[in-house]
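Chain identifiers are assigned alphabetically (A, B, ...) following the order of the sequence lines, protein sequences preceding nucleic acid strands; residue numbering begins at 1 within each chain.
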2 protein chains.
Amino acid sequence: MSSNSRRRPTHRKGRATLTRESVGTAALDFLGRHGPGELTMRSLAAELGVSPRALYNYVEDRRDLITVAAEIFESRWTPAALDPSRWRDDLRAFCRDLRAHYRRHPGMTTLALSENVTPARHPAMLRNVDALIGVFVRIGLPLRDAYRACMETIRMVAGFVEFQDAPHDRPPAGLDAADLHASPPPWLTVPDGEDLPHLRRIGELDPESPDTLFEFSLDVLIDGIAAQVR
Amino acid sequence: MSSNSRRRPTHRKGRATLTRESVGTAALDFLGRHGPGELTMRSLAAELGVSPRALYNYVEDRRDLITVAAEIFESRWTPAALDPSRWRDDLRAFCRDLRAHYRRHPGMTTLALSENVTPARHPAMLRNVDALIGVFVRIGLPLRDAYRACMETIRMVAGFVEFQDAPHDRPPAGLDAADLHASPPPWLTVPDGEDLPHLRRIGELDPESPDTLFEFSLDVLIDGIAAQVR
DNA sequence: ACCTGAACACCGTTCAAGT
DNA sequence: ACCTGAACACCGTTCAAGT
């Protein structure tokens, strides 16, 4: 009784009371605005208007903070349903949406990885994964292959965002915009004296947007998965 | 004349003279033995038997150090030639070899990414990329698709190593070995009260090795690329 | 119960000085 | 030319003390 009726105060000294979840949400939203390297206990505390020490009342340490942020990140992913009868189109839309989701917090995956945070802790994530596996089963994949295809799908999208979109969306300081939107990227410019005929010809093509590159990756993924159905 | 005949000493105080390349090599090899988070200017200097300040005579800063390490990493990748007439088998072997190469220095890609180091700086890397594009052209892909397929191939392998192999090969402290080699991983264990039929059945299958999972990814990739040939 | 401020052991980087 | 050692501004984390 008393433990239920006596509620935690919702405010303290003019600002909202911190909770484990509010701290994690703040960390996640911080990642939407700044690079992962800028997320420190001190900078987050400053943004919340408390001392760094205060955060340790809600998370165990920096690794735990990132764990909470990753969980909230997963809970915010609400994909559309997948209809097995038109799975190709639906899977394409599903992946486009997942890409947009990852892209909202660039570096989240890499950060969790570098901090040894294991993903898929949130029930919503498990439900989404289960549904994706279900579609692959329905189109005729054996259960094990359906699981593999699910992992491959998520890994492809996450890899595309981390390796392709993240550097594109948050250019490293000291590179001008023209270089960044070029395709092939400047690092594929052929050095003098090298005989690299294909790269040379690609350099002469119109630059390509990440979006059309992503569509090609989707073509490969979807056709590749379809080929596993026997 | 004199600037050529007067060579740099190869040793100093009993240890080999440092160079930009030897420092980068040391950093790369350090990544083969320790996690990326352990690679600091101070720890690397200690391993080389010099003061941290000494490294700054050869690299500009930590980011530059990682740039050099990444270049040497690329120069060490010596893939076998690809024969267009049996491109499926050759591409499979090519990717297995590339995976092994990445795996020798887990975290190299993620580290370069988090430090905003742009990849593909070494001429050897450019030659390998050009050759891979060449095979895709020879099997009938338009040049632009050949370039896309090349990027997709490398990104798939890099993503697999960083997201799948790296956590597997270097388990986070505090997880026992049994959990790690399970498939599905422990984070896909179905919580009580949740109705996730497919995940539940997958949990009952025999655990799967990363190697067979990688072969499935290769099946999807190769069949998917083949489907783009018209 | 939850906070602050000082402190500790790290880190990257720079300065001044040695040889 | 290349090094060392001290120093500075950071970081994560902990301690002791406040309210």
Side-chain angles (χ1 to χ4, degrees), chain A residues 2-24 26-27 30-31 34-69 111 114-117 172-173, chain B residues 2-24 26-27 30-31 34-69 111 114-117 172-173:
Chain A
S2 65
S3 70
N4 268 349
S5 57
R6 186 184 308 243
R7 275 193 264 155
R8 302 180 77 240
T10 59
H11 285 75
R12 180 179 178 123
K13 281 217 202 155
R15 42 143 258 270
T17 319
L18 298 181
T19 62
R20 178 173 169 84
E21 197 185 344
S22 76
V23 168
F30 188 98
L31 285 175
H34 308 93
E38 294 170 58
L39 173 61
T40 66
M41 302 298 279
R42 293 172 125 98
S43 64
L44 186 65
E47 204 172 66
L48 290 169
V50 294
S51 76
R53 173 63 181 90
L55 301 182
Y56 289 88
N57 293 319
Y58 305 97
V59 294
E60 287 184 23
D61 49 23
R62 182 180 145 87
R63 185 179 178 280
D64 191 37
L65 173 70
I66 292 164
T67 305
V68 186
L111 187 60
S114 70
E115 293 287 332
N116 275 332
V117 170
Chain B
S2 65
S3 70
N4 268 348
S5 58
R6 184 180 313 241
R7 278 193 262 153
R8 301 181 77 239
T10 59
H11 284 76
R12 179 179 178 126
K13 279 214 201 161
R15 41 143 259 268
T17 319
L18 298 181
T19 63
R20 178 172 168 84
E21 197 185 342
S22 76
V23 168
F30 188 99
L31 286 174
H34 308 92
E38 296 170 58
L39 175 60
T40 66
M41 301 299 279
R42 293 172 125 97
S43 64
L44 186 64
E47 205 172 65
L48 290 169
V50 294
S51 77
R53 174 64 182 87
L55 301 182
Y56 288 87
N57 293 320
Y58 305 98
V59 294
E60 286 183 25
D61 49 23
R62 180 181 147 89
R63 184 179 178 279
D64 191 38
L65 173 69
I66 291 164
T67 305
V68 187
L111 186 59
S114 70
E115 293 287 332
N116 274 333
V117 169

Round to the nearest Å and state the distance from Leu55(A) atom CG to dT14(D) atom C1'.
14 Å
I need the OH-P distance between Tyr56(A) and dA1(C), as an integer number of Å.
22 Å
In whole angstroms, how far is the P atom of dG12(D) from the CG atom of Asp64(A)?
14 Å
Pairing partner of dT14(D) (Watson-Crick or G-U wobble, both distances under 3.5 Å)
dA6(C)
Looking at dT19(D), which nucleotide sits across from it as a Watson-Crick or G-U wobble partner, both distances under 3.5 angstrom, or is there none?
dA1(C)
Hey, does Val50(B) have a side-chain heavy atom less than 4.5 Å from the side chain of Leu18(B)?
yes
Expressed in angstrom and rounded to an integer, what is the separation of Glu60(A) atom CD from dG12(D) atom C1'?
14 Å
Every protein N/O lying under 3.5 Å from an N/O of nucleotides 8-11 of chain D:
none

d(Asp64(A) CG, Glu115(A) CD) to nearest 0.5 Å is 11.0 Å
Is Glu38(A) atom CD crowded by more than 12 heavy atoms from other residues, nucleotides or ligands, each under 6.0 Å away?
yes
Any Val68(B) side-chain heavy atom under 4.5 Å of Glu21(B) side chain:
no
Phosphate oxygens OP1/OP2 of dC3(C): is one of them under 4.0 Å from a side-chain N or O of Tyr58(A)?
yes
Please determine if a side-chain N or O atom of Asn57(A) lies less than 4.0 Å away from the OP1 or OP2 oxygen of dA1(C).
no
Atom CZ in Arg62(B), atom CG in Leu55(B): separation rounded to 0.5 Å?
12.0 Å
Under 4.5 Å between any side-chain heavy atoms of Leu39(B) and His34(B), yes or no?
no
When you measure from the side chain of Arg53(B), which nucleotide among dG5(D), dC3(C), dT13(D) comes out closest?
dG5(D)
